[in-house]
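Okay, structure first, notes after.
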Amino acid sequence: MKIKIVALGKIKEKFLKDGIDEFLKRLTPYASAEIIELQPVEIRDENLTEKALLQEGEKILANIKNDSYVITLEINGKQLSSEDFAEKINEITISGAGEVVFVIGSSCGLASTVSQRADFKLSMSKMTFLHQFARLLLVEQIYRAFKILKKETYHK
């Protein structure tokens, strides 16, 4: 399976980069994974937020194939346990999807066009996280999902 994470913004903190790289490395026996970092649109006027989101949405959608299974991270998405998330990954694999694309929007959210393209909307928590943390948490949970599916030690 191929996993792609499309995210707005770059990770600046070394400890987060190191953590993300570690889990990407651990994922290699189970799936090929890549992160595509897109430049967010700078919002100088809050009245132009929707316009900026649409511009970001165009960039995001340009990185998604028509036959990709898309999971957006959204505040109002469905919350899953790690076991349920693993089962979701398993269902996607069984369905024959060759590529799963996770989308992490900017601090202003996601364009409606991207949300509408989603096959599944996921909420990581009712808590608010820095987007950089969300990326690390997502990669770790993807790794955990594969360990659960393979019944390998890691998940407790």
Joining Ile, Leu, Val, Met, Phe, Trp and Tyr whenever any side-chain heavy atoms lie under 4.5 Å apart, the cluster holding Val41 also takes in none
For the CG atom of Leu53 and the CG atom of Leu8, what is their distance to the nearest 0.5 Å? 9.0 Å
Can you name the salt bridge (charged side-chain N to carboxylate O under 4.0 Å, His left out) partners of Asp84, sequence neighbours left out? none
Nearest 0.5 Å, what's the CD-CZ distance between Glu140 and Phe23? 4.5 Å
Ring pair (Phe, Tyr, Trp, His ring centres under 6.0 Å) pairs touching residues 41-69, sequence neighbours excluded, are none
How far apart are the closest heavy atoms of Pro40 and Gly9, and which atoms are they? CD-N, 3.6 Å
Could you tell me whether the side chain of Leu149 reaches within less than 4.5 Å of the side chain of Lys151, counting heavy atoms only? no
Taking a hydrophobic cluster as the set of Ile, Leu, Val, Met, Phe, Trp and Tyr residues connected by side-chain heavy atoms closer than 4.5 Å, whether directly or through intermediates, do Leu130 and Val6 fall within one such cluster? no
Rounded to the nearest 0.5 Å, how far apart are CD1 of Ile60 and OG1 of Thr113? 8.0 Å
Under 3.5 Å, sequence neighbours excluded: what are the donor-acceptor pairs made by side chains of residues 93-108?
unit_1: Thr93; atom_1: OG1; unit_2: Ile89; atom_2: O; d: 2.9
unit_1: Ser95; atom_1: OG; unit_2: Ile92; atom_2: O; d: 2.6
unit_1: Glu99; atom_1: OE1; unit_2: Ser68; atom_2: OG; d: 2.5
unit_1: Ser106; atom_1: OG; unit_2: Glu56; atom_2: OE1; d: 3.0
unit_1: Ser106; atom_1: OG; unit_2: Cys108; atom_2: N; d: 3.3

In chain order, what residues pass the ring pair (Phe, Tyr, Trp, His ring centres under 6.0 Å) check against Phe120, with sequence neighbours excluded? none
Can you list, pair by pair, the side-chain donor-acceptor contacts under 3.5 Å of residues 27-37, counting residues two or more places apart and other chains?
unit_1: Thr28; atom_1: OG1; unit_2: Lys25; atom_2: O; d: 2.7
unit_1: Tyr30; atom_1: OH; unit_2: Lys147; atom_2: NZ; d: 3.3
unit_1: Tyr30; atom_1: OH; unit_2: Glu152; atom_2: OE1; d: 2.3
unit_1: Glu34; atom_1: OE2; unit_2: Lys2; atom_2: NZ; d: 3.3
unit_1: Glu37; atom_1: OE2; unit_2: Ile11; atom_2: N; d: 3.4
unit_1: Glu37; atom_1: OE2; unit_2: Arg135; atom_2: NH1; d: 2.7

Between atom CD of Glu22 and atom OH of Tyr143, what is the distance when rounded to the nearest 0.5 Å? 8.5 Å
Electrostatic pair Lys17-Glu13, nearest N-O below 4.0 angstrom: no
Under the rule for side chain to side chain donor-acceptor pair (under 3.5 Å), what residues qualify as partners of Asn63, not counting sequence neighbours? none
Mind jotting down which residue pairs meet the side chain to side chain donor-acceptor pair (under 3.5 Å) criterion with at least one end in residues 121-134? Sequence neighbours excluded, please. Ser115-Lys121
Salt bridge (charged side-chain N to carboxylate O under 4.0 Å, His left out) pairs, two or more places apart, involving residues 69-81: none
In terms of heavy-atom contacts, Ile20 and Leu136 come closest through N-CD1, 3.6 Å
Pairwise salt bridge (charged side-chain N to carboxylate O under 4.0 Å, His left out) hits with a residue in residues 109-118, at least two apart: Arg117-Asp119
Which residues pass the salt bridge (charged side-chain N to carboxylate O under 4.0 Å, His left out) test with Asp18, sequence neighbours left out? Lys14
